[in-house]
Amino acid sequence: SKGRMTSLIVFVPFLLLLLVAAGWDLATYTIPNLISVLLIVGFALFALTSGMSTAIVAGHFAAGAIALVIGFILFAFGYIGGGDAKVFAAIAAWFGLHDLPEFVLLASVFGGALTLGLLTMRKFPLPAPLAAQDWILRLHEPRGGIPYGVALSAGAIVILPYTDIFHLAVG
């Protein structure tokens with residue numbers, strides 16, 4: 001039906017924003033606030049076009065609020081960046097309370113793999129063509145951070161087809 005197609009189309013910008021967040025974080029160790037804002041606006045549009053009940057929408061925003069609190073605690077302790085905390089909350093709003101635990105688990109697994117990969121890579125010298133790239137040099141920096149936006153985006157993309165919102169959109 002037309003309503004379902006409209007709901008499904010909303011996932012295209014969602015996926016594109018996740019990819020932009022991951023790429024931006026990888027290249028600069030930052031995620032612009034605009035990406036988090038657009039993710040929330042996208043969810044609001046999805047909620048309006050998909051016929052979600054007010055109670056379900058409230059649960060999704062509760063998941064976003066919980067993730068924001070957790071994200072800022074992690075940020076305060078220096079585990080993640082502020083952009084990571086905000087994009088985590090925006091993604092959590094999409095997935096709601098029901099799918100939040102699985103998303104957190106999957107993003108954590110990807111985060112661990114990314115961390116291990118970067119820490120391993122940092123033990124070896126970079127080949128000259130790679131060392132010529134500023135963003136790769138930043139990733140290779142022994143005391144450099146971990147671009148968790150990559151793990152958050154990967155977790156969201158992988159879990160999306162198994163979520164309530166996806167099933168709501170595709171019927």
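By convention here, the first residue in the shown sequence is residue 1. Both backbone and side-chain heavy atoms feed into the values below; hydrogens, waters and symmetry mates do not.
- Side-chain heavy atoms closer than 4.5 Å link hydrophobic residues (I, L, V, M, F, W, Y) into clusters, and following such links, even through other members, never connects Leu45 to Leu160.
- Under a hydrophobic clustering in which Ile, Leu, Val, Met, Phe, Trp and Tyr are joined whenever their side-chain heavy atoms come within less than 4.5 Å, directly or via other members, Met121 and Tyr29 fall into the same cluster.
- Nearest heavy-atom pair, Arg122 versus His140, reported as atom, atom and distance to 0.1 Å: CG-O, 3.2 Å.
- Remark: side-chain polar atoms of Asp99 are not paired, donor with acceptor, to backbone N or O of Gly96 under 3.5 angstrom.
- If you take OH on Tyr148 and CG on Leu74, they are separated by 9.5 Å, rounding to the nearest 0.5 Å.
- Among all heavy-atom pairs drawn from Ile40 and Ala93, the shortest one is CD1-CB, 3.9 Å.
- The distance from the CG atom of Leu118 to the CD1 atom of Ile146 is 4.5 Å, given to the nearest 0.5 Å.
- To the nearest 0.5 angstrom, Leu18 atom CG is 9.0 Å from Trp94 atom CH2.
- Residues Leu26 and Leu15 fall within the same hydrophobic cluster, defined by Ile, Leu, Val, Met, Phe, Trp and Tyr side chains chained together at heavy-atom separations under 4.5 Å.
- Closest heavy-atom contact between Val150 and Asp25: N-OD2, 4.2 Å.
- Closest approach of Leu139 to Pro147, counting heavy atoms only: CD2-CG, 3.9 Å.
- Taken to the nearest 0.5 Å, the CD1 atom of Ile165 stands 12.5 Å off from the NE2 atom of His98.
- Here the shortest heavy-atom pairing between Leu168 and Ser50 reads CD2-OG, 3.5 Å.
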| query | Given the rule in the side chain to side chain contact (heavy atoms under 4.5 Å, CB included) test, do Phe88 and Val104 qualify, once you have shown the distances and angles that lead to the verdict? | reply | CA-CA 9 Å; Phe88 172 53; Val104 169; 3.8 Å; yes

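- Each of Phe95, Phe110, Tyr162 was scored for a ring pair (Phe, Tyr, Trp, His ring centres under 6.0 Å) with Phe103, with one residue passing: Phe95.
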| query | Trp135 and Thr28: side chain to side chain contact (heavy atoms under 4.5 Å, CB included), yes or no, with the steps? | reply | CA-CA 7 Å; Trp135 69 276; Thr28 68; over 6 Å; no

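- Around the OH atom of Tyr79, the shell of radius 6.0 Å holds no more than 12 heavy atoms that belong to other residues, nucleotides or ligands.
- Linking ILVMFWY residues whenever their side-chain heavy atoms come closer than 4.5 Å, directly or via other members, places Leu152 and Phe77 in the same cluster.
- Lys86 contributes atom NZ, which lies 13.0 Å from atom CG of Leu39 (distance to the nearest 0.5 angstrom).
- Using the six-membered ring where Trp is involved, Phe61 and Phe43 have ring planes that are perpendicular, over 60° apart on the 30 and 60° scheme.
- The OG1 atom of Thr163 sits 10.0 Å away from atom CD of Glu102, with the distance rounded to the nearest 0.5 Å.
- A continuous path of Ile, Leu, Val, Met, Phe, Trp and Tyr side chains, each step under 4.5 Å between heavy atoms, connects Trp24 with Leu137, placing both in one hydrophobic cluster.
- Summarising the geometry of Ala89 relative to Ala67, their closest heavy-atom pair is CA-CB, 3.7 Å, with the distance given to 0.1 Å.
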